[in-house]
Student: 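Here it is: the structure, laid out below.
Side chains included, hydrogens not; waters and symmetry mates left out as well; all remaining heavy atoms used.
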Amino acid sequence: MEFLCYHRDRPGSLALRHELLEEHWSYMDGYAKEMIARGPTFADDGETLTGSLHIADLPDPAAARAFAFDEPGYQAGAYRDVLLRRWRNTLGRTMWDFPGGATGGNRYLVLGLGAGRAAADLDLPPDRDELIAYGPLLSDDGTTWLGTAALVRAPSPDAARALLTPDRYAAIEAHNWRFGGRG
């Protein structure tokens, strides 16, 4: 089962995040085989950390909750909240398989938060070449569509948001994102 975990930073926690960086990486090293995508998100300036995204293949919802809430930054209070949702890997690959590579161009985490209507954007968009990861956000049992999450290379946040059908979501967020992990 695949899960998306997005830890959103608590305001003023940047020093704590830096202090815990090695602990965070060591923790994530334990999940290297399960990782589909990972990386930090940034403010509009492209430098200020705002969160940490991980998409992993884990055995069940309990394992996903342990993954999210045992993370050292979460335990130390670096994050204000956590979005943890079942996710389906529509592309069937990891970020390391993205033909565009780890650098070059602007990359975004796009979160379309469902508006309670029928599922939207379940099929891959026509321009797949810029997709790093793509899939629906689902309930723990995998039966209810809750939104869509994508990692995409795009010229701007607006272009990244345009990946999703606007009137089918309560909100669509686009966060600056970079490939993560040990360099």
Student: Hey, does Y79 have a side-chain heavy atom less than 4.5 Å from the side chain of S13?
Tutor: no
Student: For the atom pair OG1 (T143) and CG (L138), what is the distance rounded to the nearest 0.5 Å?
Tutor: 8.0 Å
Student: What residues form a salt bridge (Lys or Arg N to Asp or Glu O under 4.0 Å) with R85, not counting sequence neighbours?
Tutor: none
Student: Can you name the side-chain hydrogen bond (donor to acceptor under 3.5 Å, both in side chains) partners of S156, sequence neighbours left out?
Tutor: none
Student: Which value, rounded to the nearest 0.5 Å, describes the distance between T90 atom OG1 and L124 atom CG?
Tutor: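 Going from OG1 on T90 over to CG on L124, the span is 5.5 Å.
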Student: Return the minimal non-hydrogen interatomic distance between I36 and W96, and the atom names on each side.
Tutor: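 In this case the closest contact between I36 and W96 is O-CZ3, 3.7 Å.
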Student: Should we count CG of D45 as having more than 12 external heavy atoms under 6.0 Å?
Tutor: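 Yes, CG of D45 has more than 12 neighbouring heavy atoms, counting only those of other groups under 6.0 Å.
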Student: Excluding sequence neighbours, so at least two apart, what forms salt bridge (Lys or Arg N to Asp or Glu O under 4.0 Å) with R38?
Tutor: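 Partners of R38 under the salt bridge (Lys or Arg N to Asp or Glu O under 4.0 Å) test: none.
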Student: Kindly indicate whether the side chain of T148, heavy atoms from C-beta on, has any atom under 4.5 Å from the side chain of Y134.
Tutor: yes
Student: Among residues at least two apart in sequence or on other chains, which ones pass salt bridge (Lys or Arg N to Asp or Glu O under 4.0 Å) with E2?
Tutor: none
Student: Could you tell me whether H175 and Y6 have their ring centroids closer than 6.0 angstrom?
Tutor: yes
Student: Salt bridge (charged side-chain N to carboxylate O under 4.0 Å, His left out) between R17 and D9: does it pass, once the steps are laid out?
Tutor: CA-CA 9 Å; R17 287 278 311 270; D9 285 9; 2.5 Å; yes
Student: Determine the minimum heavy-atom distance between D141 and T144, stating which atoms define it.
Tutor: OD1-N, 4.2 Å
Student: If you group Ile, Leu, Val, Met, Phe, Trp and Tyr by side-chain heavy-atom gaps below 4.5 Å, do L83 and I172 land in one group?
Tutor: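 Hydrophobic grouping puts L83 apart from I172.
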Student: Donor-acceptor check, side chain of W145 to backbone of G114, threshold 3.5 angstrom: yes or no?
Tutor: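 Not confirmed, W145 side chain does not pair with G114 backbone.
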Student: Is any side-chain heavy atom of P61 closer than 4.5 Å to one of M1?
Tutor: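 In short, these two side chains touch, coming nearer than 4.5 Å.
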Student: With a 4.5 Å cut-off on side-chain heavy-atom distances among I, L, V, M, F, W and Y, is there a chain of contacts connecting Y169 to V110?
Tutor: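 Yes; tracing contacts between hydrophobic side chains, which count when under 4.5 Å, links both residues.
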Student: Distance from L53 atom CG to W177 atom CH2, nearest 0.5 Å?
Tutor: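 CH2 of W177 is found 7.0 Å from CG of L53.
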Student: Could you work out, with salt bridge (Lys or Arg N to Asp or Glu O under 4.0 Å) as the rule, every residue matching D158, not counting sequence neighbours?
Tutor: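 Residues passing salt bridge (Lys or Arg N to Asp or Glu O under 4.0 Å) with D158: R161.
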Student: To the nearest 0.5 Å, how far apart are NE2 in H54 and CG in L4?
Tutor: 10.5 Å
Student: Is there a side-chain contact between D129 and P99 in this structure, where contact means two heavy atoms from C-beta onward sitting under 4.5 Å apart?
Tutor: no
Student: Applying side-chain hydrogen bond (donor to acceptor under 3.5 Å, both in side chains), name anything that partners D97, two or more places apart in sequence or on another chain.
Tutor: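 For D97, the residues satisfying side-chain hydrogen bond (donor to acceptor under 3.5 Å, both in side chains) (neighbours in sequence not counted) are T94.
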Student: Starting from F42 and following side-chain heavy-atom contacts under 4.5 Å between hydrophobic residues (I, L, V, M, F, W, Y), which residues can be reached?
Tutor: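 Its cluster partners, ordered by chain and number, are L14, L49.
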Student: Got a donor-acceptor contact below 3.5 angstrom from the T48 side chain to the A43 backbone?
Tutor: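 Flag not set: sc T48 to bb A43 has no pair under 3.5 Å.
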Student: Would a 4.5 Å heavy-atom cut-off, applied to side chains only, mark N106 and N176 as touching?
Tutor: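 No, side chains not in contact.
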Student: So, taking the atom named OG1 in T41 and the one named CZ in R8, what distance separates them when rounded to the nearest 0.5 Å?
Tutor: 8.0 Å
Student: Scan the side chains in residues 62-72 for donor-acceptor partners under 3.5 Å anywhere in the protein, sequence neighbours excluded, and list what turns up.
Tutor:
from, atom 1, to, atom 2, distance (Å)
R65, NH1, D140, OD2, 3.1
E71, OE1, G73, N, 2.7
E71, OE1, Y74, N, 2.7
E71, OE2, H24, ND1, 2.6
E71, OE2, G73, N, 3.3

Student: Return the minimal non-hydrogen interatomic distance between F179 and R107, and the atom names on each side.
Tutor: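 It is CE1-NH1, 3.2 Å.
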Student: With N89, which residues qualify under side-chain hydrogen bond (donor to acceptor under 3.5 Å, both in side chains), at least two apart?
Tutor: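 Not a single residue meets the side-chain hydrogen bond (donor to acceptor under 3.5 Å, both in side chains) criterion with N89.
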Student: Measure the OG1-CG distance between T165 and D121 for me, rounded to the nearest 0.5 Å.
Tutor: 3.5 Å
Student: Under 4.5 Å between side-chain heavy atoms, counting indirect links through other Ile/Leu/Val/Met/Phe/Trp/Tyr residues: same cluster for L131 and L109 or not?
Tutor: no
Student: What are the two closest heavy atoms between L84 and C5, and how far apart are they?
Tutor: CD1-CB, 3.9 Å
Student: State which residues pass side-chain contact (heavy atoms from CB on, under 4.5 Å) with A170; sequence neighbours excluded, sorted by chain then number.
Tutor: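 A115.
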Student: Kindly write out the residues that satisfy ring pair (Phe, Tyr, Trp, His ring centres under 6.0 Å) with F98, not counting sequence neighbours, or none if the list is empty.
Tutor: none
Student: By the salt bridge (charged side-chain N to carboxylate O under 4.0 Å, His left out) test, which pairs, at least two apart or in different chains, include something from residues 21-33?
Tutor: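 Listed once each, the pairs are E22-R182, D29-R182.
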Student: Write down the atom of A76, the atom of L16, and the distance for their closest heavy-atom approach.
Tutor: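 Minimum heavy-atom separation between A76 and L16: O-CD2, 3.5 Å.
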Student: Would you call Y108 and V152 a side-chain contact if the rule is heavy atoms closer than 4.5 Å?
Tutor: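 Y108 vs V152: side chains touch.
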Student: Linking I/L/V/M/F/W/Y whenever any side-chain heavy atoms sit under 4.5 Å apart, do L21 and M28 land together?
Tutor: no
Student: Would L58 end up clustered with L137 when hydrophobic side chains under 4.5 Å apart are linked, directly or stepwise?
Tutor: yes
Student: Please report the shortest heavy-atom distance between L163 and P125, naming the atom on each side.
Tutor: CD1-CG, 3.4 Å
